[in-house]
Amino acid sequence: MNKSTILLICFLVFYISLPVKAEEKKIQKRIVNGKIITDTKGNAINAHGGGFLKIGDYYYWIGENRKNGIFVSCYRSKDLINWEFRGDLLTRQSHQELDRANIERPKIIYNEKTKKFVMWMHYEYGRDYSYARAAVAISDNIEKPFTYLKSFRPFGNMSRDCTLYKDNDGTAYFFSSARENYDMMLYRLTDDYQDTKEQLATLWPGGHREAPALVKRGDYYFLITSGCTGWAPNQAKYAYSKSITGPWSDLINLGDETTYNSQSTYIIPLEGKKSTSYLYVGDRWDGNQYFNSTYVFLPLLFKSETGLYLNWTPELLPLVLDGELFTFNQ
Ligand code: DGJ
């Protein structure tokens, strides 16, 4: 091998290794609350009003994208800090009903019987919020495009801000704001999770709540909601109940008067071998420049069976205890 061939090989080896080094630099050590966060390729994460699902070692984050005709995007992470973009799940092209649509607050659960991932979301047509419908889409793979099924008003009710909850026995529920957001409705889903089966309850009739996020801990269900002030943040409140259909407690303040400048979207249970911690995820909306909207990840603390607390912390840091990943100290 002559000298110039060796030089050429050295140059090629150096050049090929460059992108790997660039990738390495993107490893994040923390999420700074309220700052734009980027995925492992350095692109801003667009997953607003999102939901989370743990599959194997990965946490999946799916949420509103809104860029270039994309409605819902999917990311995954093992540490909740470094998020890898995995694909767009729903776009303007997915169905003709989506040509002028706006999709908000997508959430996904998995149905063991049908082996399908089922997405529920808030469907609007055009820019005002008068359509107020729920919509459903399904897929065999959480990372692959979903098949859009339909939009509708459950039992004729308006349906705006919403969330899904799958209980330990496999029963799934859909919460959504109805009657111009004055009532928070609770529905049981059909066994395939693709429709509403029963209208179960109207929580705090006239209470004017949105942004529902539900978690179960011990004997109690906890539901966090916000007030209705458009894109501006307000005081979150929570309530608890031993039965998902109620009676629910009164609404109790959570966090400060702007919920640390955020609006609830999800509660992630971090299940360890010895205990479970809970992470509140909220959107810090920028109503004027939607893509400047950011995220807030905060520990959700239980100081008694029914006492829920949300404290401000500027950063989300990974922490490994006894070989298990936690994101904060409880
Ligand atoms: C608050 C809702 O929670 C958001 O999802 C969005 O619908 C805005 N209102 C629109 O003003």
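All values below were derived from every heavy atom in this structure, side-chain atoms included, with hydrogens, water molecules and symmetry-related copies excluded. Counting starts at 1 for both ligands and their atoms, following the listed order.
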A.B. asks: Does ligand 1 have a heavy atom under 4.0 Å from the side chain of Gln263, from its backbone, from both, or from neither?
C.D. replies: side chain

A.B. asks: Could you check atom 9 (N) of ligand 1 against the protein and tell me its nearest heavy-atom contact, residue, atom and distance included?
C.D. replies: Gly230 O, 3.2 Å

A.B. asks: Just need the protein heavy atom nearest to atom 5 (O) of ligand 1, so name the residue and atom and give the distance.
C.D. replies: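 Going atom by atom, the protein heavy atom closest to atom 5 (O) of ligand 1 ends up being Arg105 NE, 3.0 Å.
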
A.B. asks: A cation-pi test, strictly: NZ or CZ of Lys67 under 6.0 Å from the centre of the six-membered ring of Phe291 and no more than 45 degrees from its axis. Yes or no?
C.D. replies: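 So Lys67 does make the cation-pi contact.
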
A.B. asks: Taking 4.0 angstrom as the limit, do Asp99 and Arg92 come out as a salt bridge?
C.D. replies: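 Answer for the salt bridge query: no.
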
A.B. asks: If the contact criterion is a heavy-atom separation under 4.0 Å, does Gly49 count as touching ligand 1?
C.D. replies: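 Heavy atoms of Gly49 never come under 4.0 Å of ligand 1.
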
A.B. asks: Any N/O of Trp285 closer than 3.5 Å to an N/O of ligand 1?
C.D. replies: no

A.B. asks: Closest non-hydrogen protein atom to atom 3 (O) of ligand 1, residue and atom name please, with distance?
C.D. replies: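 Result: Asp161 OD2, 2.4 Å.
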
A.B. asks: Quick one: do Lys216 and Asp167 satisfy salt bridge (Lys or Arg N to Asp or Glu O under 4.0 Å)? Show the steps, please.
C.D. replies: CA-CA 8 Å; Lys216 190 177 186 183; Asp167 217 333; 3.4 Å; yes

A.B. asks: A cation-pi test, strictly: NZ or CZ of Arg66 under 6.0 Å from the centre of the six-membered ring of Tyr290 and no more than 45 degrees from its axis. Yes or no?
C.D. replies: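 Relative to the ring axis of Tyr290, which defines the angle, Arg66 lies inside both limits.
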
A.B. asks: Hey, does Ala211 come in under 3.5 Å of ligand 1, counting only N/O atoms on both sides?
C.D. replies: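 Between Ala211 and ligand 1 (N or O atoms, distance only) the closest approach is not under 3.5 Å.
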
A.B. asks: Hey, are Glu112 and Lys166 close enough for a salt bridge, meaning a charged N less than 4.0 Å from a carboxylate O?
C.D. replies: yes

A.B. asks: Who gets closest to atom 4 (C) of ligand 1 by heavy atom: Glu210, Glu104, Arg160?
C.D. replies: Glu104

A.B. asks: Establish, for the pair Arg217 and Phe302, whether the NZ or CZ atom is under 6.0 angstrom from the six-membered ring centre and no further than 45 degrees off its axis.
C.D. replies: yes

